[in-house]
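Right, one structure below, let's go through it.
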Amino acid sequence: MSVLDAPAGTGPRTGAAGRAGALIPVFARLKVALLRNGLRQSAGRRAVYLISVAGALLVAAGLLLGLVLLRGHAHADSLVVLLTGVLALGWAVMPLFFSAGDETLDPTRLVMLPLRPRPLIVALLVSSLIGLGPLFTLCLAAGAVTALVHGAGSVVFAVLAVPLTLLVCVALARAVAAANTRLLTSRKGRDLAVLSGLVIAVGIQVVNFGAQRLGRSGGLAPLDPAADVVRWLPPASAVGSVGSAAEGAYGRAVVQLLLAAAALVALLWLWQRSLTKLMTAPDGSTTAAAGPGRREKSGRTGGGLWALLPEDRTGTVMQRALRYVARDPKTKAAWVTALAVGLIVPLVNALQGQGTVYFACFASGMLGIQMYNQFGQDTSAFWMVAQTISSARDAYLELRARALAILLITLPYTVLVAVVTAALLGDWRALPGVIGLSFALLGAMLATGAVASVAFPYSIPQEGAFKNVAPGQAGLAWISILGGMVSAAVLSAPVIALTVTLHVTGRTDRLWLLLPAGAVYGALIGWGGLRLAAPRMAARLPEILTAVSKG
């Protein structure tokens, strides 16, 4: 007799296994077992975990102490409310970027079990409270309410706000993970995980910008406008209710606390709905494949914007390189990160009013790095490219097409970053010089990148979102990138010297000369680098193929 044929009240769906009270200890032991077994895999993993635990606990203790010492400050409520909001945002995006770090985030492992969604989410919610993240959140929430507590009434709200904040954060992470499980287990999900570096880079710049703004203001008062909005958004509203109760506004405090409770209920409902859909709806492996018409359409390579490329080897290589940017997760991550950081650095400095328009050259530096290790992105498929190269001429055409594919993106983007930076700083006179210097730097990096790709090729492993160098090839990567960048700076020295000379001598009215000079110089340097690398590439094809195939 199957589970579905069991008498009412005796089967797992209606009996003990269907009750949340019976599932909670089972899932709690499962979570502990997963953590314990993961640490048993190697001593190195245990060491890394213990170090991370110690570091997280030290940060949590420091935050807790700092928030406690903040008690009584006039703007303490604004700071703790915003901290809670940032913490909740972290819980929301964590499953999207680090889903592989917790196997219990994937509910598809439970699809074949006779479990009802409602008891299941209760058990999963409780088991989710086991871990370093919930402990860190608990410490921050406790410190936040401690900084706001004043009077017996606020203590009552504080006792309710701490667990409610923790539960909302955990439920938010679980609801997001369940709603995006199909995505997280697909190729697009792996792309998203790789792009987490971009989010971290952008976040660091935003935090740096905010910290500098606070440092110049000399206090926490600039946080008040943002905090007035965030204090009504769960789970920050739960912490904000403590501050409202401390001020005697008990009606407002009750509303804020109820908002957090309502958010918890809504998240649990969304989580249950996602689980039900996930466990009953078919996925891509059980549905019919795309029709022949769609496959025929997707197989076309000469339509659309691709038709603008030349119909020869140059166009073919450029299309292949651009398709890597659009489809290969790690190539895409490198490009998106370079584009974002190349704009963020000059933009942040311009917004602070302390930067110079020449910070726009940072975009050329970031984008020029994409020319390094050109063959590593091909991995073992480079043997097909090698079959088409029988002379230095073939090698030159291959390298030139790859450089042109990079220029197709970098040239307009470099101009865009320079224009935006000049507009924010109001320094239009220096704009031609900045663009010319950027072109010269970009040409130098294309030249050194081509030589470094041939002289120091290394493999890019396909597995692992954060593994960009195969074991044993880290030295090659460092030599290729750092050596190439230093060489590019040396090659750009004439244009840099001309720029400095015009500024020192006060001839800023002639900075426009840098635009044609930098463009011509960059083109000549880039052409010379390709010419120098081409014969070496043709002679070293077997060594390059061996190096890039190690991953």
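This one's a predicted model, so the numbers in the text were calculated from it and none came from an experiment. When a residue number appears, it is its place in the shown sequence, counting from 1.
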What closest approach, in Å, do [X] and [Y] show between heavy atoms, and which atom pair accounts for it?
{"X": "G143", "Y": "L67", "result": "O-CB, 3.4 Å"}
{"X": "A245", "Y": "F157", "result": "CB-CD1, 3.6 Å"}
{"X": "A418", "Y": "V434", "result": "CB-CG1, 4.1 Å"}
{"X": "P163", "Y": "V159", "result": "CD-O, 3.0 Å"}
{"X": "L441", "Y": "S364", "result": "CD2-CB, 4.2 Å"}
{"X": "A92", "Y": "L172", "result": "CB-CD2, 3.7 Å"}

Worked check of side-chain contact (heavy atoms from CB on, under 4.5 Å) between F362 and V341: CA-CA 9 Å; F362 191 82; V341 177; 3.8 Å; yes

With a 4.5 Å heavy-atom cut-off, do [X] and [Y] have their side chains touching?
{"X": "P235", "Y": "L164", "answer": "no"}
{"X": "I409", "Y": "L322", "answer": "yes"}
{"X": "F359", "Y": "L347", "answer": "no"}
{"X": "W335", "Y": "I406", "answer": "yes"}
{"X": "L129", "Y": "L167", "answer": "yes"}
{"X": "L125", "Y": "L268", "answer": "yes"}
{"X": "L30", "Y": "V26", "answer": "no"}
{"X": "L258", "Y": "V254", "answer": "yes"}

Once rounded to the nearest 0.5 Å, what's the spacing between atom [atom1] of [X] and atom [atom2] of [Y]?
{"X": "L57", "Y": "C139", "atom1": "CG", "atom2": "SG", "result": "7.0 Å"}
{"X": "L259", "Y": "L264", "atom1": "CG", "atom2": "CG", "result": "13.0 Å"}
{"X": "L437", "Y": "L442", "atom1": "CG", "atom2": "CG", "result": "11.0 Å"}
{"X": "S78", "Y": "R231", "atom1": "OG", "atom2": "CZ", "result": "5.5 Å"}
{"X": "L135", "Y": "I130", "atom1": "CG", "atom2": "CD1", "result": "12.0 Å"}
{"X": "T410", "Y": "M366", "atom1": "OG1", "atom2": "CE", "result": "13.0 Å"}

Test item: Y413 side-chain N/O and L339 main-chain N/O as donor-acceptor pair under 3.5 Å: yes

Donor-acceptor contact below 3.5 Å, side chain S237 vs main chain Q256: yes

Evaluation steps, side-chain contact (heavy atoms from CB on, under 4.5 Å), between V32 and F27: CA-CA 9 Å; V32 174; F27 277 80; over 6 Å; no

Full working for side-chain contact (heavy atoms from CB on, under 4.5 Å) between W232 and V255: CA-CA 9 Å; W232 292 100; V255 173; 3.8 Å; yes

Residues V168, W91; criterion side-chain contact (heavy atoms from CB on, under 4.5 Å); working and verdict: CA-CA 10 Å; V168 170; W91 275 97; over 6 Å; no

